[in-house]
Amino acid sequence: MDLGLKGKKVFISGSTAGIGFATAQSFLREGADVIINGRSEGSVSKALEKLTGEFPEANIEGFSADFASQESVNALTAALPDIDILINNVGIYSSQSFFETSDEEWMKQYEVNVMSGVRLSRKLLPGMLERNWGRILFVSSECATLVPEDLISYSTTKGALLTVSRGLAQLTKGTGVTINAVIPGSTMTEGAEAFLSDLAEKENKTVQQAESDFFSEIRTSSLLQRFAKVEEIANSIVYFSSPLASATNGTAIKLDGGSMGGIL
Ligand SMILES: NC(=O)c1ccc[n+]([C@@H]2O[C@H](COP(=O)([O-])OP(=O)(O)OC[C@H]3O[C@@H](n4cnc5c(N)ncnc54)[C@H](OP(=O)(O)O)[C@@H]3O)[C@@H](O)[C@H]2O)c1
C-alpha cells in the first residue's frame, strides 16, 4: 500500500532512539524526508549515520535540541523549515514516590513532555493551516489513564497531551490538517530492556520470566501480554500521519494492546 508520504517533510522530537527512531525508519521506508532530534550533537550524528547507512538515497537531517531548555527550543524553532508532519514524541519519566517527587521534577517533565509539543505546534501549525495540509501527532501513554502510583507526574503530563491534542484539532475545522494523539502501551525500547534486565538480576530470574511476570503481576489488564515492538507503534504513527488517514481528527488512538480497557 502506498501511504502517499513521498517527499513529505517530517520532524520527530526525541528520535535518536526508541519509538522515535523506529518512526524515523518507517517514514524513510515510505520515502518521506525526515528531521530527527536528540539532546546532543553526538547522539544525533550517531543516529544520522545509522539512518543514512540504511537509507542512502533519503533526505535526512538532524537537529540537536534539549526540550528541557527553553533557549535550546527557541533556537530549534527559529531554525526549523516548514514541516508537513510533526510527531511530538519526546517524553521522559522518573519512577518515584509521589511524596518524594519535587516541584522541579514535576516541572521538568511538564516542560519536556507537554511544552515541547505546545511550542512546536505553535510554530508549525500556522504554516500547515495556510497550506491546507498537515499532520500533528502527540505520543501519549497508557499511563494517562492507568496512572501507576510511581508515575503520577509522568501520567499527568500524558493526560495533558490528550487535552492539548484535542484542543488544537478544533483549530483545524474544515481544513486538510488533522491532529491526533496515539496512546502506546508498554513498548520494548532500550530503556524497557534495561528495566527488565535489572529486574531479572534483582529477582534472580531470566529476562523472559521478568517480562512475563510484569504482565501477570503489574500490567494485568494487557490483552497483548507482551511488550509491543517499537515497529508496531511506529507503523501506526506513520499510517495516522498519512494522507490515507484523512478522516481521523481530534481523537486519541489506542496502541495499548488492550491494557486501558473499554470499547472506545
Ligand atoms: N517505551 C514505552 O513503553 C512507552 C509507552 C507509552 C508511551 N511512551 C512514550 O513514547 C515516547 C517515546 O518513548 P521511548 O520509550 O521510545 O523513549 P526513549 O527511548 O526514552 O527516548 C529516547 C529519545 O528521547 C530523546 N530525549 C530524551 N530527553 C530529551 C530531551 N530533553 N530533549 C530532546 N530529546 C530528548 C533521546 O535523545 P538523546 O538521548 O539523543 O538526547 C532519545 O532520542 C515518549 O513520549 C514516551 O512517553 C513510551
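When a residue number appears, it is its place in the shown sequence, counting from 1. Just follow the structure's listing: the first ligand is 1, and inside any ligand the first atom is 1.
In summary, the side chains of Ser69 and Glu71 do not present any donor paired with an acceptor at a separation below 3.5 Å, with no hydrogens or angles considered. In summary, the side chains of Asp213 and Gln209 do present a donor paired with an acceptor at a separation below 3.5 Å, with no hydrogens or angles considered. A side-chain donor from one of Thr172 and Asn249 sits under 3.5 Å from a side-chain acceptor of the other.
Against a heavy-atom cut-off of under 4.0 Å, Ser186 is close to the following atoms of ligand 1: 3 (O). Residue Asn37 has at least one heavy-atom neighbour below 4.0 Å for each of these atoms of ligand 1: 33 (C), 34 (N). For ligand 1, the atoms lying closer than 4.0 Å to a non-hydrogen atom of Ile92 are 28 (N).
Residue contacts with ligand 1, taken as heavy atom pairs separated by less than 4.0 Å, do not involve Ile233 at all. In Ser13, neither the side chain nor the backbone holds a heavy atom less than 4.0 Å from any atom of ligand 1.
Taking 4.0 Å as the cut-off, Ser15 counts as a neighbour of ligand 1 on heavy-atom distance. Residue Gly185 places a heavy atom less than 4.0 Å from ligand 1. Between Ala65 and ligand 1 there is a heavy-atom distance shorter than 4.0 Å.
The shortest N/O to N/O separation between Val112 and ligand 1 does not fall below 3.5 Å. Ligand 1 has no N or O atom lying under 3.5 Å from any N or O atom of Gly20, backbone or side chain. Residue contacts with ligand 1: Tyr154 is placed with a nitrogen or oxygen under 3.5 Å of a nitrogen or oxygen of the ligand (distance criterion only). Any N or O atom pair closer than 3.5 Å counts here, and Glu142 shares no such pair with ligand 1.
In terms of protein heavy-atom proximity, atom 43 (O) of ligand 1 is closest to Thr16 OG1, 2.6 Å.
Within the cation-pi definition used here (under 6.0 Å to the ring centroid, within 45° of the axis), Lys50 qualifies as a partner of Phe21.
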